[in-house]
Amino acid sequence: MAPPLAAALRRRLLLLRRLPLLPSRHLSLSTSHSSSDQSDIEYGHPIPPAPGDDGELTSFLRQISHASSVASSPKDALSLLLSSSSGPSPASPSLVRALWELRRDPEAVALALRWGDECTAASGAEGAGALPAEAWHLAIWSAGRAGRFDLAWAAVRRMQRRGVLTRRAMVILMERYAAANEVKKAVKTFDVMERFKVEVDQTVFYSLLRALCRSKNIEDAEELLLARRKFFPLTAEGFNIILDGWCNIFTDVAEVKRIWREMSNCCITPDGTSYALMVCCFSKVGNLFDTLRVYDEMKKRGWSPGIDVYNQLIYVLTRENCVKDAKNVLSKMVDEGFQPDVETYNSIIVPLCESCKLDEARKIMEDMKMKGIVPTISTYHAFLKQEGIDETLQLLKKMKEDGCGPNGDTFLMLIDKFIQLNESGNALRVWTEMRRYDISPGYAHYMAVVQGLVKHGCIPRALEYYDEMKANGFASDPILEKEFKTFLLANRDHWRGAGKYNLIPQRTKHFTSRTRIP
């Protein structure tokens, strides 16, 4: 492991030289994760509602809210809940649903979990009648996500006392520490697992490394991988986790090449995933030579490229104006038994659109449709980034007809595009269209419009949207507040005529609810 000073200097150099890249979203290749690694992903709704279940769930949630509000301490709240609750069976999926509904309030989750635990303990339930493991896991995840690690550890210790502590619970805790950039605490959690009589193996160790990489602490993950080599021998899978971080989190070619050399120095032979990650990285930055070189080496080593590798090849060839070769790779895929999917065609369409070759991109999309492959919202976004306002409005209608959106991200992208093109009028036309598609503007939409209008000197109009944003419950922005107040004071005697903006709030009824000068 590198000395602390050397490691710190290397990190500083990395930050200085690393330039932000804009890789296409459709190009993503990650190492495969085991089931224990999925806890850091945002939970979907864990349990579908059962018939007649909503009334019981609503009643239980009200009891939780009442106990939390009237009790003076968590202990009193639990006593009140135990004495008055007629909630769902602690062993039923309904309790997990309740925890999911409360997930943004970790203290309420902790109260509901303790209620379920006390009920099962009082009844002596075991096995199928015990509190489901998913309830514990969801409580730990909720607490860690909110930074309430005291509640997360309390749930872990309670699980230990009940004899139901799982590896997944500890992995969730490590991941939440990593997501909070608490690297030392994430590693410490891993180190204390054996004290909690939880088995530690290479799978759990790799879960920690992945969590650190996902939170952009890739240097720490690498140092840990090398430092623990006596306990967890170096493997291609371990290095692939670090490669994945440098390929897909930062896309740093210099670091990718360094890790590749480090694998050779440690006598680790790259596997198919290693080569696939290298192809992914080089294609993202448009390095056609190294992409083809690694692909050829992959074939020589006996590793069969998958559809992801072919998609990367097609992308970089198209990006580097080798469309004919990209189509040959597409044909080769079919000959080898691979069925091109929408990502394959997007690998051609996106770079064509980026090069403003829209007619060629349209032909590819028509060919894709003829083969029964439905475009995704990413396909349409590639065109929308390049089209003018009239073509944009037509494409939005087409997206609606094809069931591919548009969604809030679509309109945010368009607003940003027209603002950057100094076409604030078209940005406002997009805003009007967004309303017609029944999409409610969010904070990001309002800020994009307001900041864009201010940038282009349309401050009176920006003030209208800013007031609307605040009226809809969104937080004010201190920088904009200061700018608007400065502008209002500087223009106290202007814009008074009929049909014009009066910027002095206290002078006319029209501005009674507008931004006021203190």
Side-chain angles (χ1 to χ4, degrees), residues 38-166 168-173 175-176 179-180 196:
Q38 302 307 311
S39 55
D40 200 41
I41 300 173
E42 184 74 27
Y43 274 80
H45 199 298
I47 301 293
D53 180 55
D54 287 341
E56 183 183 51
L57 177 63
T58 303
S59 175
F60 181 63
L61 294 177
R62 286 175 179 169
Q63 292 177 37
I64 291 283
S65 176
H66 175 71
S68 300
S69 61
V70 301
S72 58
S73 67
K75 185 176 180 180
D76 292 340
L78 178 61
S79 299
L80 180 61
L81 194 61
L82 288 170
S83 63
S84 62
S85 176
S86 56
S89 168
S92 73
S94 297
L95 179 62
V96 179
R97 289 193 64 227
L99 295 177
W100 170 250
E101 295 296 330
L102 297 167
R103 65 192 181 279
R104 294 184 178 85
D105 185 350
E107 291 189 354
V109 169
L111 177 59
L113 184 77
R114 289 186 63 192
W115 170 85
D117 183 45
E118 293 292 339
C119 289
T120 54
S123 62
E126 295 182 359
L131 203 61
E134 188 65 19
W136 296 103
H137 298 159
L138 185 52
I140 295 170
W141 173 81
S142 172
R145 187 168 178 262
R148 291 297 306 274
F149 290 102
D150 56 328
L151 297 177
W153 277 110
V156 167
R157 293 188 179 93
R158 188 173 286 268
M159 289 182 76
Q160 184 190 28
R161 288 196 297 270
R162 302 295 188 216
V164 295
L165 185 57
T166 62
R168 178 169 166 77
M170 300 300 288
V171 168
I172 292 172
L173 193 51
E175 289 175 342
R176 296 323 308 168
F196 284 85

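- Salt-bridge annotation for Arg158 and Glu118: present, with a side-chain N of the basic residue lying under 4.0 Å from a carboxylate O of the acidic one.
- Annotation: side-chain hydrogen bond (donor to acceptor under 3.5 Å, both in side chains) contacts of Ser65 (sequence neighbours excluded): none.
- A distance of 8.5 Å separates CD1 in Ile140 from CE in Met170, rounded to the nearest 0.5 Å.
- Contact detail for Ala112 and Leu95: the closest heavy-atom pair is O-CD1, 4.3 Å.
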Could you go step by step and tell me if His66 and Leu80 meet the side chain to side chain contact (heavy atoms under 4.5 Å, CB included) rule?
CA-CA 9 Å; His66 175 71; Leu80 180 61; 4.2 Å; yes
Show your working on side chain to side chain contact (heavy atoms under 4.5 Å, CB included) between Leu99 and Ser142 and close with a plain yes or no.
CA-CA 9 Å; Leu99 295 177; Ser142 172; over 6 Å; no
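- Atom CZ of Arg168 is separated from atom CH2 of Trp141 by 11.0 Å, given to the nearest 0.5 angstrom.
- Both cation-pi conditions hold for Arg103 and Trp100: the charged atom is under 6.0 angstrom from the six-membered ring centre and inside a 45 degree cone around its axis.
- Note: Leu81 CG to Phe60 CZ = 5.5 Å, rounded to the nearest 0.5 Å.
- Under a cut-off of 6.0 angstrom, the local environment of CD in Glu107 is sparse, with at most 12 non-hydrogen atoms contributed by other residues, nucleotides or ligands.
- Rounded to the nearest 0.5 angstrom, His137 NE2 and Thr166 OG1 are separated by 3.0 Å.
- The shortest heavy-atom contact between Ala152 and Ala143 is N-CB, 3.7 Å.
- The distance from the CG atom of Leu61 to the CZ atom of Arg97 is 9.0 Å, given to the nearest 0.5 Å.
- Residue Val109 comes nearest to Leu102 through the heavy atom pair CG2-O, 3.2 Å, listed as atom of the first residue, atom of the second, then distance.
- Minimum heavy-atom separation, Val164 to Trp136: CG2-NE1, 4.1 Å.
- For the residue pair Cys119 and Leu82, the shortest heavy atom distance occurs at SG-CD2, 4.0 Å.
- Residue Arg62 holds its CZ atom at 10.5 Å from CG of Leu57, rounded to the nearest 0.5 Å.
- Side-chain contact between Arg162 and Thr120 is absent, with no heavy atoms from C-beta onward closer than 4.5 Å.
- Residues Ile64 and Leu111 come closest through the heavy atom pair O-CD2, 4.1 Å.
- In terms of the side-chain hydrogen bond (donor to acceptor under 3.5 Å, both in side chains) criterion, Arg114 has no residue partners (sequence neighbours excluded).
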